[in-house]
Each structure stands twice: as C-alpha cells, then as structure tokens.
J.: 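Dumping the structure here so I can ask a few things about it.
Index from 1, following the sequence.
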Amino acid sequence: MSETTAAGFESFVETQVLDAWKGPKKVPHEEYFTSGHRTCQGCESAQIMKLMAKAAGPRTIVLGATGCMYVANTTYYSTPWGLPWMHTQLGSAGSAATGTAAGLKALMRKGKMKNEPINVISFCGDGGGADMGLSAISAALQHTEYNHLILMYDNESYANTDIQVSGSSPYGANSTFSAPGKVRRIMNRRWKKNTAAMLAAGHPDCKYVATVCTSNPVESMNNVRKALSIGGPTFIHSLDPCPKGWDYDPRFSHELGELAIETGIWPLYEVEEGVIKMYGKSKRILKGQLKRKPVEQYLMRQGRFAHFIEEDIAYFQSKIDKMWEEWLIPGVIPFRGE
Ligand SMILES: Cc1ncc(C[n+]2csc(CCOP(=O)(O)OP(=O)(O)O)c2C)c(N)n1
Ligand code: SF4
Ligand SMILES: [Mg+2]
C-alpha cells in the first residue's frame, strides 16, 4: 500500500498483497527455509522461521539478530535459507529493518534498482528483542515511511548461550542463571514482559502487531502475510516451545504450544490500525465458549518448572486469572483508569 503524508512525501513503497491462505491445502509446497540447519529436534523457533519464509515468498530479504536462529542456521558452507539473508548484531533487529528498508527505497528512487515490492523481515530472539534491542525496535516502529516486519521468536531464554533467564522468561523457570537452590527455590521472580502489547500501546503509528504460535501454522503464516501486505512498520511476537531450554521431549513441542494457548498464558491477538481482536482459541476463551485449562497442565510438562510446589503453581494460576478477569483488555492491557 502507498500513502502520501501531510508533508507530501510518499510514505510507503508499494507492498506485495499476500492474500490469506484458506486452510492447509491452499498452502504452496515451495520452501525458503529448508534442510541444512542444526537446530535441536523439535525446535519451534526453526519452525516459525520456516513458516515466515514460506508466507513471505521469494521476493524477500531476511535480517537475523544473533541467537539460535543465527548460529544454528549458518554453519560454514551450509544454510537452510533459500532467501537473501544477513546477520545483524544482537540488539539490532530494529535498526537492520529500518536501514534495509530505507536502503531499498533510496536505490529504487535513484533508479539503481527496479521499483518493485520487496519484503523486508528482521527477526530477533526474546533476549535480542524484549531486552537488548528494545530501543531499536521502538525506533523502527515509529518510522512509518519504511515497510518492514520485525518478528521476535520467543523461546523464553537466551538459548544460544545455554539458557540464561531473559525478561521474557516465565516466573520461576529454571535456567543457568536462575537454578533453584536449597535456600531459595524461586530464583527468577520477574513476571514475563508483555512485549507485543507494550509495543502496540506505545507505538500508535505501528500498523500491525500480532502474537502467534506455530501450533497454529496456517494462522501464523497468514499473520505474516497480513503484516507484509499492510506494510509500514509491523511487529509479530511468536511463542516458541524450546525442548532444550524448557526441558521436555521434542515430540511434545506442538502440544506445549497448544497448552500455552489453552491455559491462557499465551493469548493470540492482532492489533490492526488501532483495533484489537483475539483469534483462535483465545477468542473462544474471551467469549466464554472455552474454559481455560489449569496452568498446572502446562507447567508440569516441563522440566524447567519441576521444582515448583503447590504454592508456586497457585501463584502462577492467580496471575493468569488476573490477566483474564481483571485486566482492562483481558490478556493484553493490564492497567485501568480510576
Ligand atoms: C552484544 C552481545 N552480547 C552478548 C552476545 C552473546 N550472545 C550470543 S547469542 C545470545 C543469546 C541471545 O538470546 P535470544 O535473543 O533470546 O536468542 P536465542 O539464543 O534464544 O535464540 C547471546 C547472549 C552477543 N552476541 N552480543
Ligand atoms: S536451544 Fe531451543 S531455540 Fe535453540 S535451537 Fe535448540 S530448541 Fe531451538
Ligand atoms: Mg531466546
């Protein structure tokens, strides 16, 4: 989409219009993230890379911040990327997105490149996005004149450096920096950062923000396609079960993603041009059509919570109940007016 601002500048380069795929049978076979990586078995962060690349298609440039999705995907002489791909520094997903989109726009304006829609996607992990690169993402989401999507893959730890706690790690999770001890059982006492909602609420010009989970692959791809079609700065936050960091058998990755949604710990929603809408099972939970499962069913499937006792589970459950029952927008916006 193209738009002219009050100052008369053309605000957007044309975007590709990528229609939603109506069901798995409509999804094409072509892959742009294939074999050749060495992520762990059952890695859902690799899965969102694959879905993101498939959804975006061949006219796409991908920038990737340091983390598992850089290191495990760029072994010397081997790569799964079937798209142009470039590494960027750990906290730089936002600046890489803006810089690349601006560069493409300038080259096209000067006639040095054919003027055509090219998708720019910059990705980062939760450490690189919710913590270290938050300021660069914030700046990127204010630059309405450039088309790009920032996708944060959230495995809930600094996984690549051996599972350190991040601002996106859940309360109480065992990590190499928050191992439970005999004196203190709960070492990470911080509640998970509410990144997608924070970015949506704080950047009113950002055209599109969504949460996704690869347990819903078609919806996740359609959200990527929608973000790229809308253009301007957009942001997607993906929750990715990580067998190594969460400590479970890799075959349960999709099941855990599903449980995160069903217990209400991971609400699925889109914020499009300032309008929020829940989708999938989260929508049904919101409407009272689906009862949230007890969070214990999600926590006790993962070794990182194996040290939890009843009071820890009860505390966790009370926080989720509060999210859905007391927040201004259930599951999304915690504060309320007087
Ligand atoms: C400035 C900087 N500090 C530290 C590192 C070391 N480092 C490399 S990957 C990584 C973990 C990043 O975590 P996250 O962004 O969540 O991605 P994940 O590894 O979980 O995929 C760290 C700390 C680095 N590369 N650059
Ligand atoms: S540690 Fe987690 S995110 Fe990293 S490659 Fe393994 S499963 Fe994927
Ligand atoms: Mg991470």
Side-chain angles (χ1 to χ4, degrees), residues 93-94 124 126-144 150-152 154 156 165-173 186 188-213 223 227 230 232-239 260-295 298-299 311-338:
C124 54
D126 49 302
D131 288 348
M132 294 173 69
L134 193 55
S135 58
I137 293 176
S138 174
L141 297 186
Q142 287 186 302
H143 281 283
T144 55
I150 298 172
L151 187 141
M152 188 173 101
D154 184 0
E156 299 193 319
V165 72
S166 82
S168 210
S169 299
Y171 172 87
I186 302 294
N188 177 37
R189 307 193 76 83
R190 301 181 296 178
W191 195 251
K192 183 181 173 75
K193 233 183 242 190
N194 191 5
T195 307
M198 163 174 53
L199 292 174
H203 303 83
D205 284 337
C206 174
K207 298 265 169 183
Y208 181 78
V209 172
T211 59
V212 302
C213 181
N223 290 344
I230 289 172
T234 53
F235 180 81
I236 291 183
H237 186 169
S238 173
L239 180 75
I261 298 161
E262 289 169 347
T263 55
I265 193 171
W266 186 246
L268 296 173
Y269 60 88
E270 299 175 284
V271 185
E272 191 177 342
E273 304 275 2
V275 178
I276 180 152
K277 89 175 176 226
M278 292 263 171
Y279 69 92
K281 286 186 179 166
S282 303
K283 184 176 172 184
R284 290 174 56 208
I285 291 173
L286 184 71
K287 289 188 159 186
Q289 297 163 347
L290 189 69
K291 201 169 164 343
R292 275 182 286 124
K293 290 187 174 168
V295 77
Y298 171 73
L299 299 176
E311 72 184 62
D312 304 325
I313 296 169
Y315 173 75
F316 215 107
Q317 185 64 60
S318 72
K319 292 285 281 186
I320 297 175
D321 291 347
K322 203 168 176 183
M323 264 171 80
W324 285 92
E325 290 159 18
E326 293 179 31
W327 283 18
L328 182 65
I329 300 180
V332 185
I333 302 288
F335 45 76
R336 43 180 62 254
E338 271 189 328

J.: Could you pull out the closest heavy-atom pair between A197 and I333, with the gap in Å?
T.: CB-CD1, 4.4 Å
J.: Can you tell me how far apart CD1 (I261) and CD1 (I285) are? Round to the nearest 0.5 Å.
T.: 8.5 Å
J.: Roughly how far, to the nearest 0.5 Å, is the OG1 atom of T211 from the CG atom of N194?
T.: 10.0 Å
J.: Scan the side chains in residues 126-140 for donor-acceptor partners under 3.5 Å anywhere in the protein, sequence neighbours excluded, and list what turns up.
T.:
from	atom 1	to	atom 2	distance (Å)
D126	OD1	N155	N	3.4
D126	OD2	S157	N	2.9
D126	OD2	S166	OG	2.7
D131	OD1	G167	N	3.3
D131	OD1	K193	NZ	3.1
D131	OD2	Y158	OH	2.9
D131	OD2	G167	N	2.9
S138	OG	H203	NE2	2.8

J.: Determine the minimum heavy-atom distance between V295 and T263, stating which atoms define it.
T.: CA-CG2, 3.8 Å
J.: For the pair F316 and Y171, name the ring-plane relationship: parallel under 30°, tilted 30 to 60°, perpendicular over 60°.
T.: perpendicular
J.: Before you tell me yes or no, could you show the steps for V271 and K277 under side chain to side chain contact (heavy atoms under 4.5 Å, CB included), namely the whole-Å CA-CA distance, both residues' side-chain angles and the distance that decides it to 0.1 Å?
T.: CA-CA 6 Å; V271 185; K277 89 175 176 226; over 6 Å; no
J.: Give, for atom OG of S318 and atom CD1 of I313, the distance between the pair rounded to the nearest 0.5 Å.
T.: 12.0 Å
J.: I'd like to know if the side chain of Y279 pairs up with that of E270 as donor and acceptor (distance under 3.5 Å, no hydrogens or angles considered).
T.: no
J.: Rounded to the nearest 0.5 Å, how far apart are CD1 of I265 and CG of L299?
T.: 6.0 Å
J.: Could you check T195 against M152 for side chain to side chain contact (heavy atoms under 4.5 Å, CB included), going step by step and ending with a plain yes or no?
T.: CA-CA 10 Å; T195 307; M152 188 173 101; 4.0 Å; yes
J.: Which atom names give the shortest non-hydrogen contact between H237 and A196, and what distance separates them?
T.: ND1-N, 3.7 Å
J.: Enter the distance from L239:CG to K192:NZ here, rounded to the nearest 0.5 Å.
T.: 5.5 Å
J.: Looking only at heavy atoms, what is the nearest atom pair of Y269 and G331, with distance?
T.: CE2-O, 4.5 Å
J.: Could you tell me if the side chain of T234 sits less than 4.5 Å from the side chain of V209, heavy atoms only?
T.: no
J.: What are the two closest non-hydrogen atoms of W327 and V332, and how far apart are they?
T.: CE3-N, 3.4 Å
J.: Taking all atoms of both residues into account, what is the closest heavy-atom pair of P267 and W324, and its distance?
T.: CB-CZ2, 4.0 Å
J.: List in chain and number order the residues that pass salt bridge (charged side-chain N to carboxylate O under 4.0 Å, His left out) with K283, two or more places apart in sequence or in another chain; answer none if no residue qualifies.
T.: none
J.: Mind checking the OH-CG spacing from Y208 to L141? Nearest 0.5 Å is all I need.
T.: 14.0 Å
J.: Is a side-chain donor-acceptor pair under 3.5 Å present for D154 with S168?
T.: yes
J.: Would you mind checking if E272 and K207 are paired as a salt bridge, meaning a charged N to carboxylate O distance below 4.0 Å?
T.: no
J.: Got a sec, which pairs hit salt bridge (Lys or Arg N to Asp or Glu O under 4.0 Å) with one end in residues 318-333, sequence neighbours left out?
T.: R292-D321, R292-E325
J.: Answer yes or no: is there a side-chain heavy-atom contact under 4.5 Å between E156 and P170?
T.: yes
